[in-house]
> 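Would you mind keeping the following structure in view while I ask a few things?
Chain A is the first sequence line, chain B the second, and so forth, proteins listed ahead of strands; every chain is numbered from 1.
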Amino acid sequence: MNAPESPRSFGRNEPDYPNPLPRPEGEFEALQKAWKAPSGLSFITAVNNTYVGLWYIGTAFLFFILAGILALIMRAQLALPESNLVGHDLYNQLFTMHGTVMMFLFAVPAVEAASVYLLPNMQAARDLPFPRLSAYAFWAYFVGGLVFFGTIFFGLAPNGGWFMYPPLTGSKYSPAENADWWLLGIGFIEISAIAGAIEIIVGVMKTRAVGMSLDKLPIYSWAMLVFAVMIVIGFPAVILATLLLEMERAFGWPFFIAERGGDPLLWQHLFWFFGHPEVYIIFLPATGMVSMIVPTMAQTPLVGYRLIVLALVATGFLSFGLWVHHMFATGLPKMSLSFFSAASTAVAVPSGIQVFAWIATIASGRMKLTTPSLFIIGFLFIFTLGGLTGVMVAMAPFDWQAHDSYFVVAHLHYVLIGGMVFPLFAAFYYWMPVASKYPLSERLGRWVFGLMFLGVNVTFLPMHITGLIGMPRRVYTYPVGMGWDTLNVVSTIGAFMIAAGVAIFIYDLARKFRFASDDNAGNVWNASTLEWLPNGNYNTRSIPEVVSRDPLWDQPNLSKDVEEGRYYLPGTATGGREALVTSPFDARPQYILQVPGPGWQPVLAAVFTAAFFLLLTVKFVLTSVVCGVIAVGCVIWWLWETDPGPVRPPADIGGGIVVPVYVTGPANHSWWAMIVLMVVAGMVFTCLIFSYLFLWLVNPGAWPPQNVRIPEWTWPSLAAFLYCGSAVLIAAASRQLRGEDRRSPISVPILIGVALLFLCGGSAIDLWAQWGTDLSPSAHAYGAAVYAIMSLQIFFVLTTLIMGAYTIARWLARRLDSVRRTTFDNTMLFWYYTVGQGLVALIVVHCFPRLTGGI
Amino acid sequence: MSGRRTGQVLLMVAGLIAWAVQFTIIYAVTSTLCGRGWADAAFLGFEIVPMTIVSATLVTFSATLLAAVWSFRNHRRKGEQPVSGADSFMNHVATLINGLSLVIILWHGISAFILPACA
Amino acid sequence: MNLEARWHTLHGWLGTFAKRAAALFCMLSLIGCSGVQSALDPAGGDASRIYWLTVIMTVGGTLIFLGVTSLLLYAIFAPPERRAWLGTRGTIVYGGLAFPIVTLSALLPYGLIVMRDTDVPQEGALPIEVIGEQYWWRVRYPADGRQTEFSTANEIVVPVGRSIAVSVTSADVIHSFWIPNFGGKIDMIPGRINRINFTAERPGVYRGVCAEFCGDQHARMAFDVIALEPEAFEAWRTEQAKPAREPEIPLLARGRELFRVGGCGSCHAVRGTEASGQFGPDLTHVGSRRTIGAGQFPNNIGTLAGWIANTQHIKPGVRMPSYGSLSGEDLRALAGYMESLK
């Protein structure tokens with residue numbers, strides 16, 4: 001760690017400002033210039049969190065409206081029994097798209113988008129640590145999402161349900177491309193979500209206001225941290241599931257086909273291991289928002305900060321023990337079900353803690369009944385009800401009745417609308433003065449709230465009964481005389497009430513929303529957190545030092561002092577965009593991160609990545625591959641400009657603190673990002689190994705199946721030796737690349753080159769050995785599982801190959817030396833991961849079947 | 001992140017990790033034994049499935065109890081020497097999380113006394 | 001009063017209360033909760049157990065919900081000095097931590113006990129095999145004592161008072177077998193055989209549906225469940241095991257001939273004739289069933305004729321093609337023959 005320990009003590013009450021007034025001539029202008037947004041057509045190359053965040057939120061909201069319209073069509077169809085408004089084919093596409101779009105294109109992106117906008121402001125960071133990555137995530141989502149949604153106009157939209165259960169979605173029962181749109185479209189949008197999550201984790205941990213130690217972190221940051229970690233753990237499962245199903249559809253590898261040793265339940269395990277945490281992934285950021293809004297509206301500090309942190313962390317863990325409660329009716333042993341019942345029950349406790357924390361906060365202050373407050377009250381009402389029905393469905397016997405009936409439809413909408421949409425609307429009203437010149441209308445806000453609140457209850461409260469008196473979900477129509485008619489009409493009326501509320505909101509938005517950065521409406525609510533500081537594209541003029549959780553209340557002149565530049569880093573040290581990186585626990589300044597500015601690379605990379613996936617879906621393989629190559633090229637072009645090295649000596653940011661403008665090793669932000677990426681990769685691999693073991697479990701006596709040979713020991717041993725050898729070579733290269741003298745010996749590229757040969761050789765030998773046994777990937781699930789593990793390994797080896805070649809290129813271009821070695825470090829970390837994964841893969845594939853001896 | 005900090009974070013979520021371990025063990029063992037019809041096996045006269053659940057519960061519960069006591073003592077000791085805000089906060093949250101985990105781990109052990117192994 | 005008596009009184013009181021509350025709720029929502037396909041009208045032990053779990057959780061949940069809402073409103077509207085006690089950490093510890101832990105520590109074991117007692121295999125149960133197929137149900141009664149095995153479709157007949165052990169699986173995609181009046185649902189998964197056990201306690205006609213989305217016509221995949229007194233059941237069973245009856249009048253004989261030349265027998269079986277197809281529902285006693293089209297339309301000569309002529313219009317996506325080219329006369333004969341297969 002190259003960063004110095006701060007000589008100053010933190011947590012002082014008496015601020016003596018780090019930087020004196022008046023500020024030097026031209027300092028502020030330089031800061032403004034560095035952060036100026038591009039103009040004209042290049043405006044879309046902006047990467048600043050303010051712009052990207054707002055585009056992101058706007059797009060997510062667009063999908064909310066679109067998916068809402070789909071829901072209205074469905075409700076219109078269901079208003080009357082035996083209705084012919086839409087046929088079964090369209091209806092099945094509608095409900096599939098409604099669920100998919102709301103979950104993948106609205107809910108997760110919306111909360112991620114809000115945090116791209118809010119997090120840096122709330123932590124008084126100049127920007128997120130990887131602004132181009134957020135831009136890439138946004139554009140990939142924007143292009144991919146719109147094309148995906150467009151399929152509904154051509155009758156090509158997926159129609160197998162948002163949960164996509166095979167075998168219905170396998171090639172036998174869904175031969176058309178509809179299912180492929182889901183698999184490739186969604187798989188790829190998840191990658192964008194993961195990119196956002198990596199950004200958020202590093203952002204929360206590393207870019208905060210000075211002195212904003214873990215105990216002073218806004219609850220919203222805590223929520224986003226847990227959120228992002230959950231994405232990193234949960235999303236890989238569904239990415240793997242989509243990969244497996246797509247391989248089954250495209251090449252006939254039978255992961256889910258029972259006749260050939262597969263099992264449809266494998267999909268359900270993988271899908272819900274993602275799918276249940278997903279609910280909390282959506283819910284936690286919303287609770288984070290609520291915990292920010294409630295104290296402001298009650299004008300009092302949050303009660304039970306630590307208990308809320310407990311609740312967030314506990315929810316994050318427990319939500320991974322619930323997935324089988326979507327599978328209570330699949331015939332698993334009761335004992336197994338009981339564990340999930342217990343976990344589903346347990347997760348109610350953290351929710352209870354949060355609800356009571358808000359009630360206590362409200363009671364300790366004086367709640368102003370503004371529109372955000374109304375949405376918060378509505379949220380508490382609706383969410384509490386949804387949480388209680390959640391405890392009901394946690395009881396397996398009750399769920400055997402309620403599962404896949406309208407009761408569950410009611411429950412999930414109470415939880416999701418109550419737990420996410422209402423807080424989001426509260427947030428829209430609450431933070432509008434940060435983003436816009438004018439706040440939204442309080443008068444119309446009451447109408448919006450009233451219509452939405454009544455609408456939600458009128459729509460979904462009756463559905464509890466509709467379900468218990470026997471109406472199953474996902475039916476395009478229902479017979480006359482079942483007693484469901486009245487309830488359905490009522491639900492339909494309610495749905496249109498919600499729509500009316502949203503329509504008024506859009507009208508108000510059109511009237512009042514005018515984008516603003518430095519001329520925003522300001523702190524109209526007298527809020528206490530840093531996003532309400534005066535700000536511009538550069539966020540705050542200087543980075544404040546905070547001494548409490550409510551700095552704007554406890555440090556009375558903070559706004560003025562920050563704006564005058566009295567705090568840290570009031571200008572730019574390198575002349576470009578930069579952020580102050582702080583230590584993860586105590587938020588001491590560590591170094592100045594040189595942040596990349598606008599550029600076409602992320603936009604182009606995103607467009608071509610989207611094109612790769614979308615063209616692959618319609619089987620334009622060649623064009624698709626060309627786009628993929630261009631996308632990789634754009635990413636390399638983008639990366640080439642990063643890792644700038646120490647462009648100047650350590651800079652004084654004020655108060656006698658001198659920090660470097662470049663560090664390497666574990667203090668570096670991209671080191672952290674690489675570790676998180678390795679966790680993502682590790683989760684994909686873990687889920688794959690789980691799939692392998694699961695398929696073993698359902699194939700007694702056929703693992704491997706009759707007539708299948710396992711390769712001789714020689715080959716896997718040789719492959720393992722080569723893998724280890726390549727890791728040793730990379731370690732040696734790392735040793736060569738040490739020292740303060742900026743050396744860059746030629747041994748480094750040579751070692752990397754040889755290591756690449758070893759790595760690729762190991763992988764090739766393993767593939768060749770399996771191939772030599774005539775193992776077919778499509779005959780039986782065993783072969784499919786073995787080839788899947790190998791394919792994943794080959795993918796990682798190829799990625800390492802590109803990274804290794806890139807590192808060599810950096811050396812050739814004299815952009816790599818013993819000080820400026822972040823690129824090498826990242827490659828090295830990824831390399832070690834690839835080798836580790838390869839070794840585990842060899843052990844599983846070659847040892848497991850021998851050990852179990854075919855039982 | 002220094003070793004001390006890593007330890008602190010691990011202690012903070014020790015109970016939840018213990019729960020995750022308990023959960024993985026009891027679920028994996030039940031699924032495997034029931035799925036393959038090996039659940040009739042007995043060990044020292046105890047049915048193997050409930051015995052696994054009970055022992056996994058006991059072990060993880062004790063581990064969590066240790067973590068809870070340890071973090072509680074850290075938390076209580078704060079008066080003796082000055083600690084940073086982050087430290088005091090972590091110790092307190094650790095106590096809370098480990099305490100709650102005790103209840104959750106117990107809840108996962110109940111079924112061994114109520115349900116048949118594989119029905 | 002001893003404890004047990006108290007418990008009984010309490011139980012009785014709770015029961016009355018719940019029934020009244022449920023009745024009121026049903027009245028308010030302008031529907032009857034009693035129904036041929038309702039979890040709120042249990043007709044068997046398992047369904048009752050789950051019903052009671054539902055009632056207890058609903059009542060408890062409602063009380064908690066009212067409590068939380070009142071506290072919230074109190075926190076907002078009560079005068080500051082009166083609500084000050086609520087604005088402390090204690091509120092969270094007692095309300096958000098201790099209360100849920102205590103409540104859930106009681107609910108969880110209760111839920112597990114209900115789970116243990118529900119869907120339990122019994123000695124001497126009547127075995128039935130049901131296979132879900134895209135948009136209909138193949139039902140097989142294996143040989144049982146003196147009774148021989150036979151197949152039927154889209155209708156399950158059970159004796160009252162005897163435990164029923166249904167084994168389910170699927171021939172194509174995942175379906176789910178659900179008779180709300182008798183208990184929960186069980187998924188029908190290709191490659192797996194699942195079981196569900198229940199006992200009907202009240203004779204009557206009920207309805208089951210497919211609860212897992214299974215494709216185009218998931219909405220039109222239901223079946224009738226008829227609970228008969230044991231003697232009536234035995235009589236029904238004996239009838240069903242017999243081959244199809246011979247046509248008695250020329251029109252019906254013509255219908256049978258049309259059935260033969262039309263190739264219906266390549267998909268459908270009519271025991272006692274050469275029709276032995278296994279692809280579609282067994283039609284040996286199709287005339288005795290209450291409904292056709294997997295629980296969709298009342299079974300009579302008119303709907304049968306309509307179904308044969310317009311299958312793809314009525315239920316688009318099923319395997320059976322529409323036989324729209326039959327003349328009116330032929331259609332009547334064919335439908336009449338079907339209807340005569342009692």
> Check whether C:D187 gets within reach of chain A through its side chain, its backbone, both or neither, counting any heavy atom under 4.5 Å.
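Contact with chain A: backbone and side chain both.
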
> Can any side-chain N or O of A:Y476 pair as donor or acceptor with the backbone N or O of A:V86 at less than 3.5 Å?
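Between the backbone of A:V86 and the side chain of A:Y476 there is no qualifying donor-acceptor contact (under 3.5 Å).
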
> On a heavy-atom basis, which atom in C:R89 and which in A:G304 lie closest, and how many Å separate them?
CG-CA, 4.5 Å

> Can you tell me which portion of A:Y91 sits under 4.5 Å from chain C's heavy atoms? Options are side chain, backbone, both or neither.
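Interface part for A:Y91: neither.
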
> Out of C:V114, C:I92, C:N181, which one racks up the most heavy-atom pairs below 4.5 Å with chain A?
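Ranked by heavy-atom pairs under 4.5 Å with chain A, first place is C:I92.
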
> Is it the side chain or the backbone of C:I189 that comes within 4.5 Å of chain A heavy atoms, both, or neither?
side chain

> A:S373 vs A:T370, test: side chain to side chain donor-acceptor pair (under 3.5 Å). Steps then yes/no.
CA-CA 5 Å; A:S373 308; A:T370 57; 2.9 Å; yes

> Any sub-3.5 Å donor-acceptor pair from C:H218's side-chain atoms to C:E212's backbone N or O?
yes

> Mark yes or no for whether C:E133, through its side chain, and C:A171, through its backbone, hold a donor-acceptor pair below 3.5 Å.
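Not confirmed, C:E133 side chain does not pair with C:A171 backbone.
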
> Report the option among A:R474, A:K334, A:K172 that has the most heavy-atom pairs separated by less than 4.5 Å from atoms of chain C.
A:K334

> Sort C:F77 into side chain, backbone, both or neither according to what part of it lies under 4.5 angstrom from a heavy atom of chain A.
side chain

> Would you find a donor on one side and an acceptor on the other, under 3.5 Å apart, between the side chain of C:N194 and the backbone of A:T330?
yes

> Starting at CE of A:M74, measure out to CD of A:Q93 and round the result to the nearest 0.5 Å.
12.0 Å

> Quick check on the interface: out of C:T62, C:L107, C:I50, C:V168, who has the most heavy-atom pairs with chain A under 4.5 Å?
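Top count of heavy-atom pairs under 4.5 Å with chain A: C:I50.
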
> So that I know where these two stand, are A:F271 and A:W162 an aromatic pair - ring centroids less than 6.0 Å apart?
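Yes - the distance between ring centres of A:F271 and A:W162 falls below the 6.0 Å cut-off.
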
> Can you tell me which portion of C:D46 sits under 4.5 Å from chain A's heavy atoms? Options are side chain, backbone, both or neither.
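Interface part for C:D46: neither.
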
> Hey, do the aromatic rings of A:Y406 and A:Y478 have their centres closer than 6.0 Å?
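No: the rings miss the under 6.0 Å criterion.
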
> Which pair of non-hydrogen atoms, one from C:I314 and one from C:R220, has the smallest distance, and what is that distance?
O-NE, 3.7 Å

> Donor-acceptor pair, distance only, cut-off 3.5 Å: does the side chain of C:T169 make one with the backbone of C:R192?
yes

> Determine the option with the most heavy-atom pairs under 4.5 angstrom with chain A, choosing from C:L104, C:L112, C:D119.
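It is C:L104.
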
> Looking at every non-hydrogen atom in both residues, tell me the closest pair between A:V490 and A:P462 and how far apart they are.
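Taking every non-hydrogen atom into account, CG1-CG, 3.9 Å.
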
> Counting only heavy atoms closer than 4.5 Å, note whether C:V209 contacts chain A via side chain, backbone, both or neither.
side chain

> So what's closer than 4.5 Å to chain C heavy atoms on A:L388: side chain, backbone, both or neither?
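Side chain of A:L388 only, per the 4.5 Å heavy-atom cut-off to chain C.
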
> With a 4.5 angstrom heavy-atom cut-off, is it the side chain or the backbone of A:Y173 that approaches chain C, or both, or neither?
side chain

> Could you tell me whether A:F379 and A:W358 have their ring centroids closer than 6.0 angstrom?
yes

> Once the angle between the rings of A:F256 and A:W267 is folded into 0 to 90°, is it parallel (under 30°), tilted (30 to 60°) or perpendicular (over 60°)?
perpendicular

> Which answer fits C:R49, side chain, backbone, both or neither, if we ask what part of it has an atom under 4.5 Å from a heavy atom of chain A?
neither

> With respect to chain A, which residue among C:C214, C:P100, C:G87, C:G317 yields the maximal number of heavy-atom pairs within a distance under 4.5 Å?
C:G87

> Tell me, side chain or backbone of C:T103 under 4.5 Å from chain A's heavy atoms, or both, or neither?
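Contact with chain A involves no heavy atom of C:T103 at all.
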
> Quick check on the interface: out of A:A346, A:G352, A:A357, A:P397, who has the most heavy-atom pairs with chain C under 4.5 Å?
A:P397

> Can you tell which part of C:I193 gets under 4.5 Å to a heavy atom of chain A, answering side chain, backbone, both or neither?
neither

> So for C:I76, is it side chain, backbone, both, or neither that comes closer than 4.5 Å to the heavy atoms of chain A?
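Both backbone and side chain.
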
> Need one label for C:R195: side chain, backbone, both or neither, based on atoms under 4.5 Å from any heavy atom in chain A.
neither

> Between chain C and each of A:I308, A:T384, A:D399, A:T361, count heavy-atom pairs under 4.5 Å; write down the option with the most.
A:T384

> Among A:G365, A:A348, A:G87, A:A394, who wins on heavy-atom pairs under 4.5 Å with chain C?
A:G365

> Out of A:I359, A:D89, A:T389, A:N159, return the one with the most heavy atom pairs under 4.5 angstrom to chain C.
A:I359

> Which bit of A:L385 is near chain C, if near means a heavy-atom gap under 4.5 Å: side chain, backbone, both or neither?
both

> In terms of heavy-atom proximity below 4.5 Å to chain A, should C:P190 be classed as side chain, backbone, both, or neither?
both

> Do the two ring centres, one from C:F223 and one from C:F177, sit under 6.0 Å apart?
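C:F223 vs C:F177: aromatic centres under 6.0 Å.
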
> Taking side chain as everything from C-beta outward and backbone as N, CA, C, O, which of these in A:P166 sits under 4.5 Å from a heavy atom of chain C? Side chain, backbone, both or neither.
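Backbone only.
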
> Is the side chain of C:W137 donor-acceptor paired with the backbone N or O of C:A294 at a distance under 3.5 Å, no angle test?
no

> Which answer fits A:I257, side chain, backbone, both or neither, if we ask what part of it has an atom under 4.5 Å from a heavy atom of chain C?
neither

> Is chain A contacted by the side chain of C:I186, its backbone, both, or neither, given a heavy-atom distance below 4.5 Å?
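Contact with chain A is through both the backbone and side chain of C:I186.
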
> Taking A:D263, A:V355, A:T477 one by one, which has the highest count of heavy-atom pairs under 4.5 Å against chain C?
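Going by pairs under 4.5 Å, I would pick A:D263.
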
> Output the option from C:A219, C:G215, C:A84, C:G191 having the highest count of non-hydrogen pairs under 4.5 Å with chain A.
C:A219

> Find the one option among C:A211, C:G295, C:G111, C:A78 whose heavy-atom pairs under 4.5 Å with chain A are most numerous.
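Ranked by contacts with chain A, first place is C:A211.
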
> Taking the six-membered ring for Trp, are C:F213 and A:F95 closer than 6.0 Å centroid to centroid?
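Yes, the ring of C:F213 comes within the 6.0 Å limit of the ring of A:F95, centre to centre.
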
> Side chain, backbone, both or neither: which part of C:T69 has an atom under 4.5 Å from a heavy atom of chain A?
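Interface part for C:T69: side chain.
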
> Would you mind checking which part of A:L380 comes under 4.5 Å of any heavy atom in chain C, side chain (CB onward), backbone (N, CA, C, O), both or neither?
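Contact with chain C: side chain only.
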
> A:Y414 and A:H464: aromatic ring centres closer than 6.0 Å?
yes

